[in-house]
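Just so it is clear, the values below take in all heavy atoms, side chains as well, and ignore hydrogens, waters and symmetry mates. Chain letters run A, B, ... following the sequence lines, proteins first and then strands; every chain starts at 1. If you're wondering where the values come from, they're calculated on a predicted model, not measured in any experiment.
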Protein chains: 2
Amino acid sequence: MPPSSASAAFRSTIIEVARDAGVSKTSVSRYLGGERHRLSPDMQARIATAIQRLGYRPNQMARGLKGGRSKLIGMLVADIRNPFSVDVLHGVEQACRARGFSLLVCNTDNDPAQERDHLALLASYRVEGIVINAAGRPSAELKALAAQGTPIVLLDRSLGDVDADVVGLDNASAIDLAIEHLVEQGYRHMLFVSEPPQGASSRQLRLDRFHQRLAQMPELTGDATCLPMQRDAAELRQRLGSFLAGEAQAPRAILCANGNVTLQVALALNALHARLGETGLLGIDELDWCALAGPGITTLAQPTEAIGRATVESLMQRLEPMGRQAPPRRTEYAARLIARGSTQR
Amino acid sequence: MPPSSASAAFRSTIIEVARDAGVSKTSVSRYLGGERHRLSPDMQARIATAIQRLGYRPNQMARGLKGGRSKLIGMLVADIRNPFSVDVLHGVEQACRARGFSLLVCNTDNDPAQERDHLALLASYRVEGIVINAAGRPSAELKALAAQGTPIVLLDRSLGDVDADVVGLDNASAIDLAIEHLVEQGYRHMLFVSEPPQGASSRQLRLDRFHQRLAQMPELTGDATCLPMQRDAAELRQRLGSFLAGEAQAPRAILCANGNVTLQVALALNALHARLGETGLLGIDELDWCALAGPGITTLAQPTEAIGRATVESLMQRLEPMGRQAPPRRTEYAARLIARGSTQR
DNA sequence: TTGTATGCGTTATCAA
DNA sequence: TTGATAACGCATACAA
């Protein structure tokens, strides 16, 4: 009879199973460790029954303590409320599961302090590898982890000083694709809106590339602006208002650096009663409501699940003894254009 | 010098710190366990230096194994891609942090099999409590956990057979509020759209209440339909099409059981070229793009962060020896109406 | 104020 | 085919 009458959390141990089955704990351990073929059928049956009866679950703490293989992967997400992050997280989780690993997810809210704490937590649980969507500059904890040899894969954002694989979007090509589409559709005056880079390499890369391309194309004029979103939208609205009211004659378009920006810009344009299409709008990151806003918002979709899977792929290679020393590798994916009414004049 | 030359993940232990500092491991243990006041300043300094130098981190596995207090809370989320879930998760995480607990998040994708696996995982890590946004019927694992005395709090969805606190929306009142608003706005013929309840109590409660209210109000006519979303939208579009084309003369409105439904319905209405407002639309769950779709979509917002915090509150009480035996408690929050153009005729 | 010894639940190394 | 026993890293009762 199971100890269901216990009022405090109580769980049976391998010893109790052994006693209940009338065998040694070594045998029970073997049974659990995939060495059943070395046990007599009779013993197997007795152990199975005992495990069932006691509702026994091996204690991972003890397991991890002994062997060192925790079968755990840690993941740090900069912003769990960002749909892009969640989609990638989903891919990472699936891939981990498929490889027999469990994923410990930590949200850092783009806060370096939380990032440090969570990193310490993951380290203390002896995760075998870490996927990190970094917030800001690399912390001492991260460097220590890397120095100790814990495999690390950087997601979306690379980190100076840290020698690790990076998986993410081909940011330069994405910007090229966006500008190319906008030009094709006849827009000639562009505003790039981003959140402040603050060490997020993908943001910086997109911003840089925008400036670079603009300089290369004399037929275009444009500007870029970096504003913290989330805040009161007044500043953004004002900035967009002056862009729309500017003296330039050319058709105008706004390029949003990520999904969060796209949302805020769309809200601001809505408040300004701008007509999408007449004012071009293209956002990086596909969002599930993009078809709903006005004539639909044109986006550059990232292959989120693929990115997630590739991340785990990289990590798994580093887990192998041979993959350990390989030089850092970048894996970049192309964005896919989803054209909608917001870039249709 | 730190062992940064090690190629494999290597971490120092308390023994190495003790040796390096020239003290016993007990002293190091005390230093870490918040008993520094009992150590001589000199020894404190030596230990601190050694810890620093070796980059030492206590092994939580060993700690958990010894004391039993893992300082870990586990959370099962039925659908990590649902914004409502993520918002609540965010609240739960904050509250846990504030109490000195870390949160282990597991996504179950509404799949009972994954739920079982993750539950087993959490149990094996000896989490001190579990927050669960259940997928389907209670599994044997969950019952076992509950029977063993692990405090459990149910989020949004209650579970037959499981004696646990439940925190969530006051579903009946929410439906009442929705219907009341629609009636006030002049709508008389209503369609309630939901995903199949399949054991999700909140879905069932909303559906039941809708039927009940409709029966009480002779001036109203209406119907309810349960469809799996995510699928191809054809079925939903067809269902909505026939609702819109029905012979009833009265103004029509659609009531969506949750955010996911709202999205799919909005997409379908868009495809059908229905004009929002003329066709009323009200959705449970506030979404960040609701202001953007046509004239804006009216919603019933759930106090997500409050729900998250209350959940942890309940859990913490159960963690106390005295709170252990208290009878199960329900905590229900009222929804807040956010009126927009979609319910403006 | 400091140190020694024991045990947490498991796996691995022996020996039988 | 099976079992006794020694670690794993830490906290704690006990001793000094």
B:R57 vs A:G22, nearer the 5' end of DNA chain D by closest nucleotide: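 The answer here is A:G22.
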Most 5' of A:M43 and B:M61 on DNA chain D, judged by nearest nucleotide: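 First, find each residue's nearest nucleotide; the 5'-ward one identifies A:M43.
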Would you tell me if any nitrogen or oxygen in the side chain of [X] comes within less than 4.0 Å of OP1 or OP2 on [N]?
X: B:R63; N: D:dA11; result: yes
X: B:Y31; N: D:dA11; result: no
X: B:T13; N: D:dG9; result: no
X: A:S40; N: D:dT2; result: yes
X: B:R38; N: C:dT1; result: no

Sub-3.5 Å donor-acceptor pair from the side chain of [X] to the main-chain atoms of [Y], do we have one?
X: A:T311; Y: A:I307; answer: yes
X: B:T304; Y: B:D87; answer: no
X: B:E16; Y: B:T13; answer: yes
X: A:Q44; Y: A:Y31; answer: no

Give me, pair by pair, the N or O atoms of the protein and of nucleotides 13-16 of chain C that are less than 3.5 Å apart, along with how far apart they are.
none

B:R97: which of A:D117, A:D109, A:D111 passes salt bridge (Lys or Arg N to Asp or Glu O under 4.0 Å):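 Only one option passes, and that is A:D117.
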Sugar-phosphate, base or nothing in reach of A:L39, heavy atoms under 4.0 Å: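 Since only primed, P, OP1 and OP2 atoms lie under 4.0 Å of A:L39, the category is sugar-phosphate.
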Sugar-phosphate only, base, or nothing, as touched by A:S29 at under 4.0 Å among non-hydrogen atoms: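 Base contact.
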Nearest-neighbour nucleotide for the B:L65 side chain, C:dT4, D:dA11, C:dC8 considered: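 Given the options C:dT4, D:dA11, C:dC8, the side chain of B:L65 is closest to C:dC8.
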B:K66, nearest nucleotide to its side chain (from C:dT4, D:dG9, C:dT10):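 Selected nucleotide: D:dG9.
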[X] has an atom [atom1]; how far is it from atom [atom2] of [N], in whole Å?
X: B:L32; N: D:dT12; atom1: CG; atom2: P; value: 12 Å
X: A:R46; N: D:dG3; atom1: CZ; atom2: C1'; value: 13 Å
X: B:I15; N: D:dA7; atom1: CD1; atom2: P; value: 12 Å
X: B:E35; N: C:dT1; atom1: CD; atom2: P; value: 12 Å
X: A:Q44; N: D:dT1; atom1: CD; atom2: C1'; value: 11 Å
X: B:K25; N: C:dG3; atom1: NZ; atom2: P; value: 13 Å
X: A:K71; N: C:dT10; atom1: NZ; atom2: C1'; value: 17 Å
X: B:N59; N: C:dT10; atom1: CG; atom2: C1'; value: 13 Å

CA sep, side-chain torsions, deciding dist, call: B:V166, B:T331, side-chain contact (heavy atoms from CB on, under 4.5 Å): CA-CA 6 Å; B:V166 186; B:T331 308; over 6 Å; no
Partner set under side-chain contact (heavy atoms from CB on, under 4.5 Å) for A:S24, not counting sequence neighbours: A:T26, A:S27
A:L145 to A:A123 - nearest heavy-atom pair and separation: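 Heavy-atom minimum between the residues: CD1-CB, 3.7 Å.
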